[in-house]
Asker: 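This is the structure I have questions about; it appears just below.
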Amino acid sequence: MYERYTERNIQDIEEKWQRRWEESGAFEVEQDAAREKHFYCLEMLPYPSGFLHMGHVRNYSIGDALAWFKRLQGFNVLHPMGWDSFGQPAEQAAIKRGVMPREWTDANIEHMRSQFKRMGFSFDWRREIAAHRPEYYKWDQWFFLKMLERGLAYKKVSPVNWCPKEQTVLSNEQSSGGVCWRCGAAVEKRDIEQWFFRITAYAEQLLDDMREIERGWPERVLTMQRNWIGRSEGAYIDFQIKDADERVRVFTTRVDTIYGANAVVVAVDHPLVEKSPLKEDVRRFVERVRAARSLAHAPGEDEEKEGINTGLAAINPFSGEQVPVWAANYVLSEYGTGAVMSVPAHDERDFDFAQKYSLPIHRVIERISHEQPAIDHDPTSEDQSVAMSEPFTEYGIVVSSGDWSGKLSEDALREMAEFAEREGFGERAVTYRLRDWGVSRQRFWGAPIPIIYCDACGVVPVPESDLPVVLPERAEFTGAGRSPLATVAEFVNTTCPKCQGAARRETDTMDTFVDSSWYFFRYCDPRNAEAPFDREKVAYWTPVDQYIGGVEHAVMHLLYTRFWTKFMRDIGLVSFDEPVRKLMTQGMVVAETFYRDAEEPGQKLYFNPADVEVVRDDKGRVASATSINDGHAVEVGSFEKMSKSVNNGVDPHSMISAYGADAVRLFVLFAAPVENDLRWQEAGIEGALRFLRRVYSTVYRWRAEAVAAPKDSTGAGEFSPEARRLRQETHRTIKRVTEDFEDLRYNTAVAAMMELSNALGDFNSSPESASASDHFAVRECLESLVLMLAPFCPHVAEEMWEGLGHAGGLLSNDARWPSFDEQLARRDELEIAVQVNGKLRGRVSVSADAGEDETRDAALADERVRSWIEGKQIVKTVVVPGRLVNVVVR
RNA sequence: GCGAAAGUGGCGGAAUCGGUAGACGCGCACGGCUUAGGACCGUGUGCCGAAAGGCGUGGGGGUUCGAGUCCCCCCUUUCGCACCA
């Protein structure tokens with residue numbers, strides 16, 4: 001054992017144990033039917049950007065701690081790592097610097113893997129996977145074919161963001177604000193044929209199965225998914241078009257308001273628009289709307305509602321009333337039927353629209369009121385279009401609605417829909433806002449879509465035996481045009497698998513979310529060349545017991561993964577509905593930003609925190625900040641996500657060099673609850689290091705006596721009161737820490753260990769003079785502390801464990817998560833708070849098994865308490881055993 | 001605008017089946033040890049007050065012997081959604 005935990009030794013200790021783990025294959029696991037206690041601990045796989053940032057450190061420290069905890073508890077723990085290695089940055093590097101995407105990606109992976117190893121994360125590296133390797137994306141392609149077979153993959157025309165200046169397809173992020181991120185040109189929408197996965201076929205299941213994961217997933221993630229799926233129950237209603245053999249179908253969730261409909265409003269793309277007698281005006285209007293739309297606008301700002309009367313009339317099937325048909329920009333063509341009935345009295349949007357075009361407003365729902373009976377307005381008379389200052393959107397009593405008047409909204413909704421169904425002009429319906437998953441990307445660096453186009457045979461899937469369709473090494477990376485693969489003749493030109501004639505390959509690649517939708521199943525059997533994985537292996541490890549990652553993936557990734565699992569279930573690959581039992585979304589690591597106004601107005605120049613000298617006042621607040629480089633004052637700004645810009649990052653590598661991976665890990669887990677954002681302040685890490693140093697030197701000081709101490713407490717002789725107290729603290733701490741671990745409450749777990757370490761520091765005995773029982777108590781405390789520290793700081797824990805005389809290391813059978821003895825953890829003396837009229841007036845000590853009377857007597861005997869109740873009448877006394885006594889006096 | 005969550009010392013945060021508010025750490029102050037230290041050790045540290053004591057968990061009300069915790073109203077912040085009929 002190294003004598004001290006100093007800067008130099010830290011590096012040696014960490015290196016030593018990393019080497020040992022690697023040599024012994026310490027974290028390598030296999031499925032083993034005999035080991036029923038198994039645990040799959042998974043963190044979201046990183047994109048190999050090339051450098052580790054503090055967000056990674058946090059994410060993987062959280063997971064690693066859990067993996068260690070479970071291992072120490074005797075679980076067979078699968079803890080793998082891989083790379084989400086397809087995606088745009090590799091292509092950008094190719095365009096900017098001419099380096100090939102594969103080389104760039106492989107180099108980044110190399111570097112990041114070594115950084116992960118330097119952190120000492122306990123991954124089974126033999127299971128490493130990377131999305132860009134053909135052995136992996138072969139199975140993306142295989143799944144694509146399975147989707148196709150099942151009718152779940154299909155092709156349709158769909159718009160993409162298009163920069164007219166650069167002649168290139170842009171992602172949503174690249175076209176935010178409606179302008180091209182590079183050249184600033186206005187982004188257009190272009191229609192091209194693209195592949196989709198029919199996730200909507202699983203909408204209902206994705207919603208219903210949330211019941212299975214309710215307990216293990218954060219409420220807000222479930223809410224976000226629920227909103228994203230956007231189920232709504234309502235009815236389709238057909239309005240007959242006057243003087244035409246045509247009907248227009250609308251979707252509504254409020255059939256009960258149909259007597260208040262003043263118009264049918266259709267989206268500008270609705271087929272009915274073509275039928276308008278006012279062709280020219282309508283055409284001009286539609287064009288204007290389309291032009292306005294092609295300029296994407298900033299999120300949050302609504303387009304003003306605009307519409308035009310098409311001159312068509314529709315007949316309300318309930319009232320027989322004739323209403324005009326309008327076309328308007330506020331009706332979405334992609335949702336429902338692309339047509340709605342407009343009920344301004346009871347819908348915000350229709351109300352705005354009616355106000356703008358002075359359309360009549362008929363109130364047909366009244367608030368349920370006990371004082372005033374609902375008035376039955378005559379829908380045909382003038383006076384019932386009472387002035388409303390705002391729409392009434394709640395449920396209430398139906399009025400002015402013929403036979404339906406007097407019903408409650410809730411009943412009318414159901415009965416009116418049933419009526420429409422019987423009469424043949426409508427039906428009950430459920431709609432979703434969830435859209436099918438567009439998987440085509442006009443990009444090079446992704447898995448090729450395994451499809452061949454043949455002039456004779458049409459769309460032909462690549463036969464399974466021909467997989468993988470291998471991505472070529474290079475293509476033309478001009479950044480312009482559509483799919484770079486289209487420029488690679490050897491790739492494009494092929495023969496048709498059906499007729500052997502000349503044919504062309506699909507040149508789009510798959511969305512990278514495809515890769516990440518099933519990767520954790522592949523970890524279970526990463527080298528399988530015959531199938532995506534062996535079913536038995538997957539059945540042993542999955543579902544994932546704990547998944548850890550950023551909340552930014554709460555919707556897309558996690559929804560796709562759930563969808564994929566249900567699909568795999570349906571083709572017989574797995575036998576469960578949900579892939580992830582428990583989900584934890586960790587907060588971001590954010591840093592204070594330092595900046596100065598740049599030359600261009602509105603622009604800011606950011607500084608790396610390492611280049612800024614900060615002066616703080618005596619309360620620790622920032623008083624001033626100065627650039628080290630030029631001595632000029634710098635502004636201090638808000639906190640930004642660390643991975644966001646290069647200049648606000650704290651380099652984990654320099655942290656590790658200065659403090660060691662253990663201290664960095666400990667601090668990052670201690671500084672805040674895992675789900676909170678973490679403000680990075682370097683000062684805090686000193687505390688973590690100090691704590692480790694203290695524990696280390698205590699272990700070093702006592703190691704000989706600890707090793708020599710009796711093996712069990714019965715042979716240790718009589719325990720002094722001090723030693724009993726220490727044992728009590730030890731067992732109490734084990735209890736607290738174990739419970740905290742189950743809920744990933746690492747911050748309080750660390751705090752508890754610090755308290756135990758402080759208690760040990762107060763133990764007034766020295767190795768030389770202490771008795772065998774003292775030695776036993778100290779060893780029990782130290783061994784427990786070391787074991788509990790292992791998940792956070794495995795290197796130094798191993799070193800101390802060895803120092804305490806254990807040769808096999810923390811992963812041998814000799815090391816087990818400590819258990820606690822309730823009896824020993826119990827305090828025998830309790831401090832009771834004494835209140836007089838609810839105010840704290842004193843504290844008394846009573847024995848833990850003191851009853852109510854004894855506790856009350858002790859409280860009333862307290863001198864200070866007596867001075868407060870003297871001369872007053874005791875009205876009553878409340879005794880909460882073990883906690884407090886409240887004396888109520890008058 | 002709608003929905004959700006949250007507001008506790010100078011800071012990160014403890015404590016929620018209602019029961020000693022501020023654990024643990026950072027920072028800060030004083031002292032010790034040191035040639036020196038941004039090392040280490042000790043003590044203190046919610047605010048006001050010399051003390052006794054008073055006040056204190058965003059603000060206001062309420063329930064209760066007792067409220068950070070429960071109820072009502074308001075304010076603020078963060079996140080999500082944003083014409084989904």
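Proteins get letters first, then strands, A, B, ... in listed order; numbering begins at 1 in each.
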Asker: Using the C1' atom as the point on both nucleotides, what is the distance between B:G53 and B:C28, in whole Å?
Answerer: 27 Å
Asker: Would you mind classifying the nucleic acid contact of A:Arg883 as base, sugar-phosphate or nothing, using non-hydrogen atoms under 4.0 angstrom?
Answerer: sugar-phosphate
Asker: Do the charged groups of A:Asp269 and A:Arg290 touch, with an N to O distance under 4.0 Å?
Answerer: yes
Asker: Regarding A:Glu729 and A:Arg736, does a basic nitrogen lie under 4.0 Å from an acidic carboxylate oxygen?
Answerer: no
Asker: Tell which nucleotide pairs with B:U57, taking only Watson-Crick or G-U wobble pairs whose two distances are both under 3.5 angstrom.
Answerer: none
Asker: Counting any heavy atom closer than 4.0 Å, what does A:Asn676 reach on the DNA or RNA strands: base, sugar-phosphate only, or nothing?
Answerer: sugar-phosphate
Asker: Quick one: which of B:U20, B:C24, B:A85 gets closest to the side chain of A:Met754?
Answerer: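 Of B:U20, B:C24, B:A85, B:C24 is nearest to the side chain of A:Met754.
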Asker: Under 4.5 Å between any side-chain heavy atoms of A:Gln225 and A:Leu206, yes or no?
Answerer: no
Asker: Given that both distances must come in under 3.5 Å, which nucleotide forms a Watson-Crick or G-U wobble pair with B:C79?
Answerer: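 For B:C79, the partner nucleotide comes out as B:G3, under the 3.5 Å rule.
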Asker: Do we get A:Arg363 above A:Phe392's six-membered ring, with its NZ or CZ under 6.0 Å from the centre and within 45° of the axis?
Answerer: yes
Asker: Identify the nucleotide, in any strand shown, that forms a Watson-Crick or G-U wobble pair with B:A51, with both distances under 3.5 Å; if there is none, say none.
Answerer: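 Base-paired to nothing in any strand shown.
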Asker: For B:C70 versus B:U57, give the span between their C1' atoms, rounded off to a whole number of Å.
Answerer: 16 Å
Asker: Just by distance, no angles: are the side chains of A:Glu204 and A:Tyr432 close enough, under 3.5 Å, to form a donor-acceptor pair?
Answerer: yes
Asker: Could you check, using the six-membered ring where one of them is a Trp, whether A:Phe792 and A:Phe741 have ring centers closer than 6.0 angstrom?
Answerer: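 For A:Phe792 and A:Phe741, the ring centres are under 6.0 Å apart.
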Asker: Check whether any side-chain nitrogen or oxygen of A:Arg736 sits under 4.0 Å from OP1 or OP2 of B:C24, and answer yes or no.
Answerer: no
Asker: What integer number of Å spans the P atoms of B:U78 and B:G12?
Answerer: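 B:U78 and B:G12 have their P atoms separated by 15 Å.
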Asker: Rounded to whole angstrom, note down the C1' distance from B:U43 over to B:G80.
Answerer: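 It comes out at 49 Å once rounded to the nearest Å.
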Asker: So what's B:G37 paired with, Watson-Crick or G-U wobble, going by both distances under 3.5 Å?
Answerer: none
Asker: How far does the P atom of B:U63 sit from the matching atom of B:C72, given to the nearest Å?
Answerer: 15 Å
Asker: Looking only at heavy atoms, which two atoms of A:Val265 and A:Ser342 are closest? And how far apart?
Answerer: CG2-CB, 3.7 Å
Asker: RNA chain B: A:Leu678 or A:Ala752, which has the more 5' nearest nucleotide?
Answerer: A:Leu678
Asker: Does OP1 or OP2 of B:U20 have a side-chain N or O of A:Lys839 closer than 4.0 Å?
Answerer: no
Asker: What integer number of Å spans the P atoms of B:C24 and B:C30?
Answerer: 23 Å
Asker: Does B:U45 pair with anything, Watson-Crick or G-U wobble, both distances under 3.5 Å, and if so, with which nucleotide?
Answerer: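 Per the H-bond distance test, B:G27.
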Asker: Measure CG/A:Asn837 against C1'/B:G53 and give the value in whole Å, please.
Answerer: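 These atoms are roughly 16 Å apart.
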Asker: Starting the side chain at C-beta, find the nucleotide from B:G54, B:G25, B:C65 nearest to A:Lys876.
Answerer: B:C65
Asker: Just the rounded figure in Å: distance from P of B:A14 to CZ of A:Arg745.
Answerer: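 Taking CZ of A:Arg745 and P of B:A14, I get 10 Å after rounding.
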Asker: Regarding A:Arg435, tell me which of base, sugar-phosphate or nothing describes its non-hydrogen contacts under 4.0 Å with the strands shown.
Answerer: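 A:Arg435: base contact, heavy atoms under 4.0 Å.
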Asker: From the options B:C24, B:A85, B:G13, select the nucleotide whose nearest atom is closest to the side chain of A:Asn747.
Answerer: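 Selected nucleotide: B:G13.
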Asker: What I want to find out is whether A:Glu306 reaches A:Arg288 closely enough, with some N-O distance under 4.0 Å, to be called a salt bridge.
Answerer: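 Looking at A:Glu306 and A:Arg288, the cut-off is met.
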Asker: Counting side-chain heavy atoms from CB outward, which of B:G13, B:G53, B:G19 is closest to A:Val880?
Answerer: B:G19
Asker: Could you work out the separation of B:G3 and B:C73 based on their P atoms and round it to a whole Å?
Answerer: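 Per the computed distance, 13 Å lies between those P atoms.
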Asker: Searching all strands shown, indicate the nucleotide that pairs with B:G9 (Watson-Crick or G-U wobble; both distances under 3.5 Å).
Answerer: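 The answer is none; no pair meets the criterion.
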Asker: With ring-ring contact (aromatic ring centres under 6.0 Å, His included) as the criterion, how do A:Phe667 and A:Trp680 come out once you've worked through the C-alpha distance, each side chain's angles and the decisive distance to 0.1 Å?
Answerer: CA-CA 10 Å; A:Phe667 172 65; A:Trp680 184 261; 5.4 Å; yes
Asker: Which of these nucleotides, B:G19, B:G12, B:C24, is closest to any side-chain atom of A:Gln835?
Answerer: B:G19
Asker: From CE of A:Met224 over to P of B:C79, roughly how many Å is that when rounded to an integer?
Answerer: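 Checked: the CE to P distance equals 12 Å.
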Asker: Checking side-chain polar atoms at under 3.5 Å, does A:Tyr696 have a donor or acceptor matched by the opposite partner on A:Asn9?
Answerer: no
Asker: In whole angstrom, give the distance that lies between atom CD of A:Glu739 and atom C1' of B:A15.
Answerer: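 A:Glu739 atom CD is separated from B:A15 atom C1' by 15 Å.
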Asker: Is the phosphate of B:G19 approached by A:Asn886 (side-chain N or O, under 4.0 Å from OP1 or OP2)?
Answerer: no
Asker: Which one, B:C24, B:A85, B:C41, comes nearest to the side chain of A:Arg690?
Answerer: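 Selected nucleotide (nearest to the side chain): B:C41.
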Asker: Would you mind reading off the distance between A:Glu219 atom CD and B:G80 atom P, rounded to a whole angstrom?
Answerer: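 Interatomic distance, CD of A:Glu219 to P of B:G80: 17 Å.
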Asker: Paired with B:G18: which nucleotide, if any, by Watson-Crick or G-U wobble criteria at under 3.5 Å for both distances?
Answerer: none
Asker: Contact class for A:Gly336 vs. all strands (heavy atom < 4.0 Å): base, sugar-phosphate, or nothing?
Answerer: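 No contact.
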Asker: Select base, sugar-phosphate, or nothing to describe what A:Val331 touches, counting heavy atoms under 4.0 Å on all strands.
Answerer: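 It contacts base atoms.
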Asker: Using a 4.0 Å heavy-atom cut-off across all strands, classify A:Thr252 as base, sugar-phosphate, or nothing.
Answerer: sugar-phosphate
Asker: May I have the distance from A:Glu3 (atom CD) to B:C40 (atom C1'), rounded to whole angstrom?
Answerer: 15 Å
Asker: Checking understanding here: a glycosidic angle within 90° of 0 is syn, the rest anti, so what is B:G9?
Answerer: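 It is syn.
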Asker: From the list B:C83, B:C40, B:C81, which nucleotide is the closest neighbour of the side chain of A:Arg433?
Answerer: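 Of the candidates, B:C81 comes closest.
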Asker: Counting the atoms with a prime plus P, OP1 and OP2 as sugar-phosphate, which does A:Val340 contact under 4.0 Å by heavy atoms, base, sugar-phosphate, or nothing?
Answerer: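 Base, at least one base atom sits under 4.0 Å.
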Asker: Can you tell me how far P of B:A21 sits from CD of A:Glu831, to the nearest Å?
Answerer: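 Going from CD in A:Glu831 over to P in B:A21 covers 12 Å.
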Asker: Taking only the P atom of each, what is the distance from B:A67 to B:A21 in whole angstrom?
Answerer: 10 Å
Asker: As a test of reading the structure: which of B:U20, B:A14, B:A85 is closest to the side chain of A:Thr431, going by heavy atoms?
Answerer: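 The answer is B:A85.
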Asker: Let me spell it out: for each of A:Arg231 and A:Pro673, pick the nucleotide of RNA chain B with the closest heavy atom. Which residue's pick is nearer the 5' end?
Answerer: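 Its nearest nucleotide being more 5', the pick is A:Pro673.
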Asker: Taking only the side-chain nitrogens and oxygens of A:Arg694, find out if one of them lies under 4.0 Å from OP1 or OP2 of B:C41.
Answerer: yes
Asker: Which nucleotide, if any, forms a Watson-Crick or G-U wobble pair with B:G66, using both distances under 3.5 Å?
Answerer: none
Asker: Over how many whole Å does the gap from A:Asp677 atom CG to B:C11 atom C1' extend?
Answerer: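 After rounding, the reported distance stands at 16 Å.
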Asker: Taking the minimum atom-to-atom distance to the side chain of A:Tyr330, which one of B:A85, B:U20, B:G12 wins?
Answerer: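 Within the option list, the nearest is B:A85.
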Asker: Among the nucleotides B:G53, B:G19, B:C24, which one has an atom lying closest to any side-chain atom of A:Asn758?
Answerer: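 Closest of the options to the side chain of A:Asn758: B:C24.
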Asker: Below the 4.0 Å mark, does B:A85 have OP1 or OP2 next to a side-chain nitrogen or oxygen of A:Ser232?
Answerer: yes
